[in-house]
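The structure displayed is predicted, hence computed values, not measured ones. First the proteins, then the strands, lettered A, B, ... as listed; each starts at 1.
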Number of protein chains: 2
Amino acid sequence: MATIKEIADKAGVSIGTVDRIIHNRGRYSAQTAARVQSIIRETGYRPNLMARNLSTSGSCRIGVLLPLPEQDSGYWSLPLGGIQRAGGELEPFGLSLEIRHYNRYHSAGNNSFAAASSELLSEKLDGLLITPLLEPSTLEFLDRVKAGIPDLPVIFFDTDLPKAPRLSYIGQDSYQSGRLAARLMNMLVTAEQPPGVPRILIITPDSDNEHLKNRICGFTEHFIGELEVLKVTVESDHNLGIFHKLLDSELQEKSQKGPPGGIFVADASAHFVADYIVSSDSLPADRPSLIGYDLVPENCKWLKDGVIDFLLTQRPAEQGYNGVNRLFRKIFLDEDAPEIEYTPIDIVTKENLDYLVDRKAREVL
Amino acid sequence: MATIKEIADKAGVSIGTVDRIIHNRGRYSAQTAARVQSIIRETGYRPNLMARNLSTSGSCRIGVLLPLPEQDSGYWSLPLGGIQRAGGELEPFGLSLEIRHYNRYHSAGNNSFAAASSELLSEKLDGLLITPLLEPSTLEFLDRVKAGIPDLPVIFFDTDLPKAPRLSYIGQDSYQSGRLAARLMNMLVTAEQPPGVPRILIITPDSDNEHLKNRICGFTEHFIGELEVLKVTVESDHNLGIFHKLLDSELQEKSQKGPPGGIFVADASAHFVADYIVSSDSLPADRPSLIGYDLVPENCKWLKDGVIDFLLTQRPAEQGYNGVNRLFRKIFLDEDAPEIEYTPIDIVTKENLDYLVDRKAREVL
DNA sequence: TTACCTTGCGTTAACGTCCACGCAGCGCAA
DNA sequence: TTGCGCTGCGTGGACGTTAACGCAAGGTAA
């Protein structure tokens with residue numbers, strides 16, 4: 001591999017000049033620049049990263065901004081796990097993380113987001129990984145970032161804001177996962193239920209979340225049978241009592257139709273429904289099939305117990321891990337990340353759960 | 001972070017002495033060694049990897065030994081993809097790979113394995129990643145390796161040889177995946193078949209492969225219904241003609257029992273069965289359910305077409321990727337790998353296939 | 001005694017890159 | 001004329017580690 005010294009020798013200049021040309025720090029003539037550039041191209045020179053890192057005592061600080069880990073049934077601890085794993089693995093190479101959380105349901109003024117983002121702004125960052133759930137606040141934050149550090153690489157994960165100035169997005173195809181849920185539900189209800197057209201309940205918080213809408217859209221377009229959508233309106237985070245009351249009234253009111261053959265829960269709160277199912281007397285011993293999302297601890301428990309039949313998930317830990325990794329490689333190696341990266345949709349049953357939950361999370365169960 | 005110089009100052013010796021103690025290269029007294037060691041512990045000193053790598057112009061050469069990529073319906077190109085991806089990602093950090101293939105069905109004398117392994121032996125290697133399918137040859141090879149480079153880190157993937165002197169194993173829980181296949185088959189045959197006890201065909205090459213045995217064991221122990229095992233004896237690699245003849249005779253002889261309700265193919269050759277199903281007149285329009293293994297291109301095609309219902313897989317690309325990564329981190333950072341690492345069992349349908357197949361493989365389709 | 005080990009250190013030049021300097025030559029204004 | 005700033009370079013130290021080398025002090029054998 002060629003070194004700066006060799007380039008310098010070939011060009012008949014000193015390493016200082018080559019270095020200035022490479023980093024266009026001025027102090028060279030256009031002619032020498034052209035000569036050196038062409039030699040660099042010819043030799044296929046690439047800087048030695050070890051030397052560079054040693055010399056600059058290269059630190060790569062990545063700011064991370066995501067909701068409080070315990071929110072959404074603990075969903076956010078999953079990407080957080082991946083983020084921290086990547087942070088640990090890349091620490092020997094000079095990476096450090098600045099992780100901040102915000103309350104995604106604290107909408108009145110969004111002080112929580114503002115505080116967390118301001119903290120990040122005051123750090124000297126080389127990259128930014130964020131979940132842009134609160135669109136206006138995020139855009140405002142990015143404006144301020146841009147004013148301070150003009151071309152800071154920013155990666156979104158979980159949710160996209162295509163119009164925002166981001167490097168790339170790592171996330172999920174929620175429509176397709178809803179479609180897959182429908183296929184599985186079709187199998188379940190014809191296999192385990194009495195003949196006849198099954199009635200299916202779709203449970204979703206009444207939020208304007210794109211993912212939830214898309215999952216439900218994918219589900220309804222591909223499910224064969226009668227569907228009924230039950231929106232559970234929750235002001236802030238979910239809550240067991242609310243769910244139970246809503247499900248009670250739902251099943252009482254519509255009891256003439258009989259119990260549902262299956263329930264599709266579009267977010268991570270399937271465990272609330274599972275709680276309800278096992279504790280409720282109004283449902284027959286022949287439980288409805290239940291499909292939900294995400295490997296939060298409570299969901300895993302009910303999957304193991306057989307109350308939840310399937311959990312779908314789109315590898316939140318991998319999203320976090322890849323986000324950090326991509327940013328690091330962008331900053332450290334100037335390697336380009338794909339603009340959009342979808343993580344695979346996993347189908348989880350009690351048979352393959354164990355190998356999908358990482359060790360730390362498994363200890364909780 | 002503390003440096004060697006700081007350690008040396010605190011201990012009242014020179015950096016040369018500290019270095020010799022760290023690498024126990026002799027030339028120091030027991031007392032100074034003890035003093036320096038304790039200071040190292042106190043300060044939590046860890047060597048700067050950039051500097052080390054720069055100084056040694058550190059290269060990390062990993063030898064890889066696996067079957068020919070096209071064997072087993074092209075299965076081996078999947079881990080190979082992961083291996084090459086890791087190789088590319090870690091190349092900036094000084095990693096280089098020496099990849100050699102062998103013919104796993106060339107059993108008479110196994111010249112192919114011998115040739116490939118000898119080639120690797122003549123390279124100056126820092127680590128070894130191998131698929132030990134041919135046990136005696138592998139053990140012999142490892143003996144020769146050990147004679148040359150006493151404690152070369154060796155990682156097995158795909159298949160384990162617990163008694164061999166290896167660092168760790170990265171692979172799959174094949175029993176559990178068979179069990180999962182049984183659960184899915186139960187759902188399929190009760191959902192899509194006429195009522196009554198379904199008859200299921202299990203197809204497997206008559207090899208002594210542990211994975212295949214375990215998958216079938218897991219399947220038979222958890223399937224509810226009538227089972228019939230059909231062993232397709234193949235001398236070397238699979239072959240379409242053999243499959244078709246065997247299936248023909250199978251279905252002719254036992255036609256009084258009616259066509260099978262489902263077929264479970266325990267290895268990557270489900271696509272041969274799919275070929276047979278669509279081209280055969282002896283089967284009704286109502287096709288048997290079909291569950292197979294692994295995302296080889298032909299399997300993916302039939303999954304997309306709906307002839308194969310489910311494919312199970314245990315992330316072969318991730319196995320290869322992790323193998324290289326673990327070795328690199330062992331060699332470069334002296335970081336310990338877990339002794340056994342199981343990759344998750346994925347359930348693949350036509351709905352989630354796209355995000356599980358990497359770009360290069362997708363282009364083939 | 002001389003010659004030649006060994007032990008226990010210290011010194012120093014790499015490794016490739018970055019960057020703060022230094023310096024000559026030139027133009028320009030006071 | 002001096003002084004100053006700019007352009008276009010070269011020089012050399014630093015980053016932390018490695019490993020070759022040097023060198024006394026002491027031991028041993030001839």
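In this model, a donor atom of one side chain and an acceptor atom of the other lie less than 3.5 Å apart for Y321(A) and E89(A). Residues R27(A) and T17(A) have side chains that never bring a donor and an acceptor to within less than 3.5 angstrom of each other.
In this structure, CD1 of I7(A) is placed 13 Å from C1' of dT17(C), rounded to the nearest angstrom. Rounded to whole Å, the distance from NZ on K5(A) to P on dC18(C) is 16 Å. A straight line from CG of N53(A) to P of dG16(C) spans 16 Å, rounded to a whole angstrom. Regarding R27(A), its CZ atom lies at a distance of 19 Å from the P atom of dC18(C), rounded to whole Å. dT11(C) atom P lies 20 Å from atom OH of Y28(B), rounded to whole Å.
The side-chain contact (heavy atoms from CB on, under 4.5 Å) check on S168(B) picks up I155(B), A337(B), with sequence neighbours excluded. Scored by the salt bridge (charged side-chain N to carboxylate O under 4.0 Å, His left out) test, E42(A) finds no partners at all (sequence neighbours excluded). Partners of N325(A) by side chain to side chain donor-acceptor pair (under 3.5 Å), not counting sequence neighbours: none found. K10(A) meets the salt bridge (charged side-chain N to carboxylate O under 4.0 Å, His left out) test with no other residue; sequence neighbours excluded.
In this structure, L49(B) and R35(A) both approach DNA chain D, and ranking their closest nucleotides by distance from the 5' end singles out R35(A).
Within residues 10-24 of chain B, the residues that have a heavy atom under 4.0 Å from DNA chain C are, in order of number, G12(B), V13(B), S14(B), I15(B), G16(B), T17(B), R20(B).
Remark: T32(A) is in phosphate contact with dC9(D), judged by side-chain N or O atoms under 4.0 Å from OP1 or OP2.
The two residues L120(A) and G63(A) make their nearest non-hydrogen contact at CD2-CA, 4.0 Å.
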Short heteroatom pairs, N/O only, protein and nucleotides 14-16 of chain D, under 3.5 Å:
from    : atom 1 : to     : atom 2 : distance (Å)
dC15(D) : O2     : S55(A) : N      : 3.2
dG16(D) : N2     : A51(B) : O      : 3.3

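A ring-centre distance under 6.0 Å is found for Y342(A) and Y355(B).
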